[in-house]
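Counting convention: from 1, in listed order, for ligands and their atoms alike. For the single chain, residues carry numbers from 1 onward in sequence order. Quick caveat: nothing in here was measured; it's all calculated off a predicted structure.
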Amino acid sequence: MKQFNKILLRIFLGVILSATLFKSPSCFAADLLTNHDWRHFTGATVTESGIEIMPVNRMIVPKVSVPRETDDQDVAEMAKRSPTPNPPINLRGPMLQVQGDFTISIFLEISSNKGAYLDLYGTLPVIYDEWRQEGKALRVGVKDGALLVSIWNGRSSEPITKTFGEGMTDVVEINVTRLSDNFVFQVNGKTVGKLRDPGLFNDGSIVFGADAEKGGGFIIRQLTAQALNTASKATVIDREPWKSYGVMPNSLRFIAAARNKPLYIGAAVAAIPLVTDEKYQSLVGQEFNMITPENDMKFQFIHPGPNLYAFNEADSLVEFAQHNNIRVHGHALVWHEALPTWVTGVKYSPSEVKLILSDHIRTVVGHYKGRVAEWDVVNEPLKDRGFNTDKGLRAANPWFQAMGEEYIDFAFREAHEVDSNARLYLNEYGIEEPGEKFDALYALVKRLLARGVPIHGIGFQMHEDMESGKYVGAQPDLVAVNMQKMANLGLEVRVSEMDVNMNAKSTPRRLNEQARAFAEMLTMSVRQDGLKSFGQWGVTDRYSSLAPMFEYFQLGNGLLFDADYQRKPTYYRMKEILANVPE
Ligand code: XIL
């Protein structure tokens, strides 16, 4: 304890000395604000006095509208969960490299009792559209005049939260010191609390985020860090500018583009790993010539408040794509899921809903005009059962309730008016094989075309399964029938979201079966007149949407690259097909 006090005294003296001798602590401490990128940080504005943080109130909702139209008990159960916060992360901003004992000093200017938080991530979350798998993170901030500290240990969504001290207002200096296995918290020079560090920053790098509680807002006036002894480290590094990966002759994308009738080979991509995980980024850049934002363009992510658009994450994907000559397929302008509560939780009149939708489509398509070549304008409009009512359309969503079937016409027309060059798709699952759902879709598309709606293509999602080691998904020869029917209507078709869930541990046999399933689907697809692209839903099993929901330690296994980023048999089979099977 004595030694502890001595160290604190040293820190205190250090700060006083540096402040008095050199006028600014930055002579000793690394400055994380000046000349670092805070411009791509959602909710932040860089000003003379610091980084202004405004409330974004970005939340992740459970599947709200589904229960009435689903038999799936898990989905119905999930709908009862409350929305969870999804605070912005400065992905492209500075990273603090740490080792040993160090202090991070934070000066916050706060003007209300509302929460004002800075988030320090040792590992980043994985973001799904129903939940956020938290990484290892420390949140420090002020709420109601007290210091509030939360620790996420990377194993659960529930943090340990503690409050310390009181009466903190105006400009508050918070010091977070890691001293061997503890965090020590000081406010305005006084120690107010201490918590055990479960190893949050053991990977050696800290990424910053922030969040202002609804109704509040604050300014980060200074953010500095300092190592406490010569064996420790606290240095700042920045992200590199976007890399351009050359197209290598044995890559998927090269072989797909070199075909007689070139084909886009795609992957669904997420901003966090794309920006922060080099291996993931290099797979995307090297292997694919089309990407679809997996979640970052969905309504609740990109339009979290009535007058608030959050483009940064999706912008990163689009910028990366531009640097690497990758075509972007936008996803999804209109859907019944991933809707923020400001849309679903308020009773609007039909004309108000129409205005919300129009503003959303026009703003998002407008923002990406010329950069996003094609869009899923309407995603999953059809029910899973009960095709005899509402022409099979899902009714439990604000769009249908306000406009009936015409919401689909409206959405396509609005998108087309803003970007007449963009190819506009309707994307759906469960329509791969002939059946009632496909019939409902086919009838819908014919009505749309008859009304002159600018629809250009159909996405067949192709989320498929294996059971007891055997592929039990859609049969390629049957899918071919449906694709041809759409092509006969003059539409493009695409495989938009393929994955083949093994529903069991990966084994060499299962990997082969998975490869066979992908290969046969691709072989069939490349022979279709209307086919423009073939994509998998994700990049590697490490971040796959097939990971069981709300589970921290289980991964999916339905994609081309495994959790260690290694190429699976599917990858090699797909290359053979692309190289050898004529259209
Ligand atoms: C998935 C995302 O990949 C997951 O991260 C999320 O947890 C659930 O949604 N059909 C679609 C996609 O159109 O948007 C869905 O994406 C998968 C099913």
Side-chain angles (χ1 to χ4, degrees), residues 59-66 69-70 72 74-75 77-79 81 83-84 86 124-134 157 266-274 280 284 291-302 313-314 317 328-339 364 374-384 394 397 411 425-432 437 441 457-465 473-474 494-501 533 535-552 554-560:
M59 308 287 271
I60 297 182
V61 296
K63 294 190 186 230
V64 273
S65 59
V66 192
E69 289 161 352
T70 186
D72 187 333
D74 289 347
V75 170
E77 209 32 55
M78 199 160 45
R81 292 181 172 241
T84 55
N86 181 22
L124 290 163
V126 181
I127 292 179
Y128 300 91
D129 64 33
E130 308 89 352
W131 73 295
R132 181 169 142 136
Q133 182 174 341
E134 297 291 347
S157 301
V269 170
I272 292 180
L274 186 75
Y280 178 100
V284 177
I291 61 175
T292 301
E294 181 170 356
N295 288 316
D296 292 297
M297 284 183 180
K298 288 176 183 173
F299 206 126
Q300 67 180 344
F301 298 103
I302 209 164
E313 289 80 2
L317 302 186
V328 183
H329 180 95
H331 174 85
L333 295 170
V334 192
W335 197 22
H336 61 282
E337 273 179 38
L339 294 174
V364 175
E374 44 190 76
W375 286 99
D376 287 333
V377 178
V378 175
N379 195 31
E380 304 179 353
L382 295 163
K383 295 196 264 200
D384 292 333
R394 288 177 194 275
N397 61 79
Y425 279 74
L426 187 154
N427 190 50
E428 186 57 276
Y429 68 83
I431 49 144
E432 287 78 9
K437 192 163 178 177
L441 173 68
I458 301 294
F460 292 72
Q461 287 189 8
M462 217 75 78
H463 293 287
E464 307 301 343
D465 284 278
R494 65 192 297 261
V495 172
S496 55
E497 309 188 0
M498 188 152 179
D499 45 27
V500 177
N501 192 344
S533 60
Q536 65 159 349
W537 197 244
V539 179
T540 107
D541 291 336
R542 177 164 297 260
Y543 309 109
S544 153
S545 68
L546 293 178
M549 229 171 273
F550 311 116
E551 297 277 350
Y552 270 68
Q554 290 182 50
L555 299 174
N557 56 22
L559 300 171
L560 272 59

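- Pairing each heavy atom of D384 with each of K437, the nearest pair is OD1-NZ, 3.1 Å.
- Contact annotation: the side chain of Y280 approaches that of V269 to within less than 4.5 Å [non-hydrogen atoms, C-beta and beyond].
- Evaluation of the salt bridge (charged side-chain N to carboxylate O under 4.0 Å, His left out) rule for D376 yields no partner, not counting sequence neighbours.
- Checked for salt-bridge contact, K298 and E337 miss the test: no charged N lies under 4.0 Å from a carboxylate O.
- Using a 3.5 Å distance cut-off with no hydrogens or angles, the side chains of N427 and N379 do pair a donor with an acceptor.
- Under a cutoff of 6.0 Å and an axis angle of 45°, R494 and Y425 form a cation-pi pair.
- Every protein residue with a heavy atom nearer than 4.0 Å to ligand 1 is included here: Y128, D129, E130, E294, N295, K298, H331, W335, N379, E380, N427, Q461, H463, E497, W537, S545.
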